[in-house]
Amino acid sequence: DQQVKQNSPSLSVQEGRISILNCDYTNSMFDYFLWYKKYPAEGPTFLISISSIKDKNEDGRFTVFLNKSAKHLSLHIVPSQPGDSAVYFCAASATNFGNEKLTFGTGTRLTIIP
Amino acid sequence: DTAVSQTPKYLVTQMGNDKSIKCEQNLGHDTMYWYKQDSKKFLKIMFSYNNKELIINETVPNRFSPKSPDKAHLNLHINSLELGDSAVYFCASSKRGGRGDTGELFFGEGSRLTVL
């Protein structure tokens, strides 16, 4: 029962262009969404988040969009840089139950081509 | 100065053995977690402790026993290891508020366990 899905296992983008990573969820109780970035041999690190009361959150080159009706969120990185090459995990939680449990997607490996 | 540190980073062992992975966080967080990333790359929560008290146990076999001697440490002991236990185990910590808290997780580097 995969409640958070990242259907693209990998994505390659030219340096300087926009990277768009997608995530779908099925549990309508999810109301808080996060993106984590993971380099090889390291743990995931928090990147950006969005609450369900918003439809967009921006932090520098990173913007997350949330479409609640479609149960879809996306992460936009612009412009893409070589250091952005990593695996990106989408995660969701139902905050009415506190922050104890995050449900993760399986990740998308982003490769930025110089 | 590592915020969440876990040891060992790599562990290779035979089926049937017992092994432990240790985790420490110096962030002053109240809540610690163990996540498992299997061969299909699913990152799933196993346990969560808040101030040494177990608050989440996600249908993990009894062979897995977490121990939290204090709120800065959460160790994972695994008895009678099986081939399917091979995975990367991530420790994490977070602040814990009440309802509506959305504190981010801080992860350790992971411990890759290989059972032969």
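The structure displayed is predicted, hence computed values, not measured ones. Letters A, B, ... mirror the listed sequences (proteins, then strands); counts begin at 1.
Looking at A:Phe89, the atoms closer than 4.5 Å to chain B (heavy atoms on both sides) all sit in the side chain, from C-beta outward. Heavy atoms of B:Glu58 lying under 4.5 Å from chain A belong exclusively to its side chain. Neither the backbone nor the side chain of A:Thr45 comes within less than 4.5 Å of any heavy atom of chain B.
Rounding to the nearest 0.5 Å places NZ of A:Lys38 at 10.0 Å from CD of B:Glu109. Here the CG atom belonging to B:Leu105 is positioned 8.0 Å from the CG atom belonging to A:Leu34, to the nearest 0.5 angstrom.
The 12-atom threshold is exceeded at NZ of A:Lys68, counting heavy atoms of other residues, nucleotides or ligands nearer than 6.0 Å. Summarising the local packing, OH of A:Tyr39 is surrounded by more than 12 heavy atoms from other residues, nucleotides or ligands at distances under 6.0 Å. Few gaps surround CD on A:Glu15; more than 12 heavy atoms of other groups in view lie less than 6.0 Å from it. Atom NZ of B:Lys71 sits in a crowded spot, with more than 12 heavy atoms from other residues, nucleotides or ligands closer than 6.0 Å. Within 6.0 Å of the CZ atom in B:Arg63, the count of heavy atoms belonging to other residues, nucleotides or ligands exceeds 12.
Ring centroid separation for the pair B:Phe107 and A:Tyr36 comes in under the 6.0 Å cut-off. Aromatic pair A:Phe104/B:Tyr35: centroids less than 6.0 angstrom apart.
With sequence neighbours excluded, no residue forms a salt bridge (Lys or Arg N to Asp or Glu O under 4.0 Å) with A:Glu42.
Looking only at heavy-atom pairs under 4.5 Å with chain B, the residue among A:Gly43, A:Pro44, A:Ala41 that has the most is A:Pro44.
You'll find the side chain of A:Leu102 stays beyond 4.5 Å of the side chain of B:Ile45, heavy atoms only.
Hydrophobic clustering, with ILVMFWY side chains joined whenever heavy atoms are under 4.5 angstrom apart, groups B:Leu81 together with B:Leu83.
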